[in-house]
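Notes follow the structure.
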Amino acid sequence: MKLFVDIIPLFVAVPMAGAFLIALVARKIKWLPALITNIITIGLVFVSFFAVKLINIHKVLVYDVGAWKPPMGIGMVLDGFTVFMLTTVNLAAFFVAIYSINYVERFTSKWKFYTLFLFMIAGANGVVITGDIFNLFVFLEIASIASCSLIAFGTEKHDLEAAFKYAVMSGVGSLFILLSIVLLYSYTSTLNMADISNVLAQKDPNNIILMISALLIMGFGLKAGLVPFHGCLPDAYTSAPAPVSAMLAGAITKSLGLYAIFRIFYNVIGMNQALSSIFMFFGALSMIVGVILAIGQWDFKRLLAYHSISQMGYIVMGIGLGTPLGILGGLFHLFNHSVFKTLLFLNSGSIEYATGKRDLQKMGGLSEQMPVTSGTCLAASMAISGIPPFNGFWSKFIIIIAAVQAGRYGYAFLAVLASILTLASFTKVMKYAFFGKLKDGANSVKEAPFLIKLSMTSLAVICITGGILLAPGVYEHFLKEAVDVILEGTKYSSVVLQAVLK
Amino acid sequence: MNKTNEKGMSLIVKTITRLTVGIMLLYGIYIISHGHLTPGGGFAGGVIIALSFVNLMLAYGKEVTLKKLPKGVASFFEGMGAILFLGIALLGFTGGYFFFNFIAKGEPFRLFSAGIIPLFNIAISLKVGAGLFAIFISLVLLKIEAEKK
């Protein structure tokens, strides 16, 4: 037991060690940074799978950093929700790392890319695994700053503008979060999340909690890119190199925004009817506004960025419902979205790699020249539009059923509507990019290199077979554990504090 | 730091800088090494050390300073500080925990006490000092390149 607990800090320590090593040693040797990054990401995927197994046996594991017991010391908490997010983040990071080997060739100073990439993974893993709210803020900043510099990686004019926008918006978000942490700390005199929940339960309701909740929703909403706060994301996704957009959409906004918001509201502060309505409202708003903005876009990556906002809306609406089925649908959609949106961004990058174009009107007929990209993009498009048997269908279906069961017919209708509009806009993508007549001068276009194809194909396979996670025998081990943690609500505190004493 | 160098500020500034730079450096080292006893620590001490080099650059220009502490060396120290910090934290696994204080803690309020805390301070000061100096160098070099255009 003791031996296995030691894997918990490795999720943060190993990517950080890799990043420092690359910056110190591997900058002179061309092939070493990519090798180190890929070894680390593949290792993290295996450790995540191992952690899933560990949680099936132990339910909750708490690691005392430096042998100081929480709530005095800093604790790292591994439970169902955490391992679910770790698997999602590290899986996306793994495929993006394979893809980057070929893709990053066209940039100078590759080692900088890999250093920042590993920092991004370390930050995302750290946010997910920590049990201390200030520690969460620190990791959040690590991930935000790393992603901000990665958005600017091309150092063209529009890259820098997008990065500056992202820096301002995410800085404002961080300030809101920091202020809410300050207020929480002054009110409860503790920073450990389980202990905060414990103290809050003993105090009478106070208006300060409303203030803290509002600040947290604004702060994490900015990180997640929900609709009233989405201003910087389309630019950032469009300008960043394709692997970075894929990481931002597939892992960073999810762990920094959604994970943190649901962990804090469900497990620390405690959910109520008003908060649930707020989440559902923001979710539905993001869903509809995102997809309506997406449908008119001609820039492939910008279209994907607005769809990303729209799909985040589904997740927030599903989990905001608060019923077991809604939470299941939301979490499953989070995993699925991470897979197919990563794949779509990688597809856009592969088209850009081969043709140098992002404008859908200037593409056309690429399916003959680029069969793998075309096929995987078709799979991902079907998954995101919710066509059976792709994984996106199951999660959207569950969310809609859950909304109907809870008597929220309006929200169910909006979810169906957004899904139809998504289908429409991806029909447009397929028609303009891959089918139709080949444009002049596109005859010499070649399919992307092997590793890019490998990464895209593996993600497409997950898209097709993703529904298997709902099958009996698999469901209990992965999704149910995560749903249980959210459903247990503020009992989280007693569960964690008891696990400390073990 | 020869007096005949034409670049940089006036003789008065150069002389004063020459006299004070060593003291600033020493003070930075003092703050770092007493980080676990008195206010201050790795971050504050690292900033003071970086400022001593920044001061040198302001008074003497970039050639003299970059000869004393080249860009490559600064970036090496930055990486080294981070690796040291993480290395000490990982060495805690010898005592069973990440970040475990595995060295004997000694007598309180003595210079050699508190186990790994002074070592962490040194690692942080390397990272912060070299990092801050590197930021200053990049600002200076970028400005010169912008003027060339």
- Can you tell which of A/Ala17, A/Pro9, A/Ala19 has the highest number of heavy-atom pairs within less than 4.5 Å of chain B?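 It is A/Pro9.
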
Using a cut-off of under 4.5 Å for heavy-atom pairs, which of A/Ile22, A/Asp64, A/Ile74, A/Val25 has the most such pairs with chain B?
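So the answer, after comparing A/Ile22, A/Asp64, A/Ile74, A/Val25, is A/Asp64.
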
Tell me if the [atom1] atom of [X] is crowded by more than 12 foreign heavy atoms within 6.0 Å.
X: B/Ile12; atom1: CD1; value: no
X: A/Phe134; atom1: CZ; value: no
X: A/Phe153; atom1: CZ; value: yes
X: A/Arg106; atom1: CZ; value: yes
X: A/Lys69; atom1: NZ; value: yes
X: B/Lys105; atom1: NZ; value: yes
X: A/Tyr185; atom1: OH; value: no

| said: Is B/Phe102 close to chain A through its backbone or its side chain, or both, or neither, when contacts mean heavy atoms under 4.5 Å? | reply: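 Neither part.
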
When the 4.5 angstrom heavy-atom criterion is applied to B/Leu90 and chain A, the contacting part is side chain

Ranking B/Phe98, B/Phe99, B/Phe100 by heavy-atom pairs under 4.5 Å to chain A gives rank one to B/Phe98

Given B/Gly87, B/Gly92, B/Ala82, the one with more heavy-atom pairs under 4.5 angstrom with chain A than any other is B/Ala82

On a heavy-atom basis, the closest approach of A/Leu21 and B/Ile83 is N-CD1, 3.9 Å

Cut-off 4.5 Å, heavy atoms of chain B, and the answer for A/Ala13 is both

Whatever's closer than 4.5 Å to a heavy atom in chain B on A/Ile8 counts as neither

- Got B/Tyr97 and A/Trp68 here, is their nearest side-chain heavy-atom distance under 4.5 Å? no

